[in-house]
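We count ligands from 1, going down the list as the structure has it; atoms in each ligand are counted the same way. The shown structure was predicted, so the numbers you read here are calculated from the model rather than taken from an experiment.
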Amino acid sequence: MNQHDKLALPVGTTLDRFIMRKQEDFPYATGELSQLLRDIALAAKIVNREINRSGLIDIAGAYGNRNVQGEDQQKLDVIANIRFIRALRNGGEVCTIISEEDEDVIQTGNVQGKYVVAIDPLDGSSNIDVNVSIGTIFSIYRRVSPTGSEGTSQDFLQPGTHQVAAGYVIYGSSTMMVYTTGNGVNGFTYEPSLGEFFLSHPNIQTPSSGAIYSINEGSSESFSEGMKAFVSHCKEQSYSARYIGSLVADFHRNLLKGGIYVYPPTAKAPNGKLRLMYECNPLAFIVEQAGGKSSNGRRRTMEIEPKEMHERCPLFIGSPELVDKAEEFLANEHAASQVVNG
Ligand SMILES: O=P(O)(O)OC[C@H]1O[C@](O)(COP(=O)(O)O)[C@@H](O)[C@@H]1O
Ligand SMILES: [Mg+2]
Ligand SMILES: [Mg+2]
């Protein structure tokens, strides 16, 4: 029985009750983080409704703008962005937000708010119009700037180890919210007819190994030798190749079944494609709390000191034995190049 079991709440507990119950375990808790998690759940319910009807009404397709990443924004990217920002603004606990969809920090006006949030409002944008699972990813930090003033980019440039909470919502065959506050990982399934999230996956533990690899081999020509060797290893082991193209969905499957997701450096994305603050760090917190591992191929993701709000970072994440194996191939490549270069 591990430390989380003694606090175990039965499957079917509502998210609200779960949050409240967990808060009671921290006598000095003031309820602000609890409220913030509820605000995120509320926005997820609204976005879920939009997604479910996206084929019906005119919210499919491109919005006509490009975001700070140079990507064409989908209408649902913009709608999800608006909905989460509004919920966090109205909730009052968050002073400042960074979002994949906005170049600059977003001020909420809640200068007394103790928290800042980094968010990927809609993950898996390329899958929106084809009815494939998509998600939302969020990361929560305590601000470092004093309350009473607006937050700044400095409030975000903290290593992932400073996260106070992180999670994702997956909008799939069912909609789930999975999060951690550093005391284990729990998953809640949404029951639309009741408008409630219910505990369905208590204390998630990821298998130490697995037979699934999620890598976009379409870019493999420009993979490093070590990365190519790891892909060959996965094939020699007859692992299953599974790549949905929505990070949240690939991550979630591997979290439950065991496996590894890798977005390595490529010619097109020399630093990988994924963003450290609102994709890599939050999922790294989740996977570590579930007994898994996350790195950039060499360094623990959550120890990386961010320099920019939207910086990209290679991601190797999942079952610890598979991430170790991938790192081993990269280390061998590095050692080999040392020998060659003397
Ligand atoms: O098509 P690629 O290059 O494999 O990239 C797919 C990856 O990019 C992403 O779509 C990036 O996230 P966004 O959709 O939030 O921009 C991930 O969800 C996914 O894993
Ligand atoms: Mg994303
Ligand atoms: Mg996105």
Remaining members of the apolar cluster that contains I244, side-chain heavy atoms under 4.5 Å: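 Result for I244 is V130, V132.
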Polar side chain donor-acceptor pair, Y171 to T136, under 3.5 angstrom: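 Yes.
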Side-chain H-bond candidate by donor/acceptor type, D39 with Q35, under 3.5 Å: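 Note: D39 and Q35 side chains meet the donor-acceptor criterion.
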Neighbour list for ligand 1 [protein residues, heavy atom under 4.0 Å]: E71, E100, D120, L122, D123, G124, S125, N216, Y243, G245, S246, L247, Y261, Y263, K273, R275, E279
Contact summary for [X] and [Y], nearest pair of heavy atoms:
| X | Y | result |
| --- | --- | --- |
| I40 | F84 | O-CE2, 3.7 Å |
| V94 | T108 | O-OG1, 2.6 Å |
| I140 | V117 | CG1-CG2, 4.1 Å |

Ring centre gap for F251 and Y168 strictly below 6.0 Å: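 Distance test on ring centres: under 6.0 Å, yes.
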Ring centers of F18, F188 separated by less than 6.0 Å: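 Between F18 and F188, the centre distance is under 6.0 Å.
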Given R298, K293, R299, the one that forms salt bridge (Lys or Arg N to Asp or Glu O under 4.0 Å) with E327: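 It is K293, the one option of R298, K293, R299 that forms the salt bridge (Lys or Arg N to Asp or Glu O under 4.0 Å) with E327.
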Salt bridge (charged side-chain N to carboxylate O under 4.0 Å, His left out) pairs, two or more places apart, involving residues 272-287: E71-R275, E100-R275, R275-E279
Considering only N, O or S atoms of E279, the one closest to the Mg ion (ligand 2): OE2
Distance filter under 2.8 Å, centred on the Mg ion (ligand 3) - protein N, O or S atoms that pass it: E100 OE1, D120 OD1, L122 O
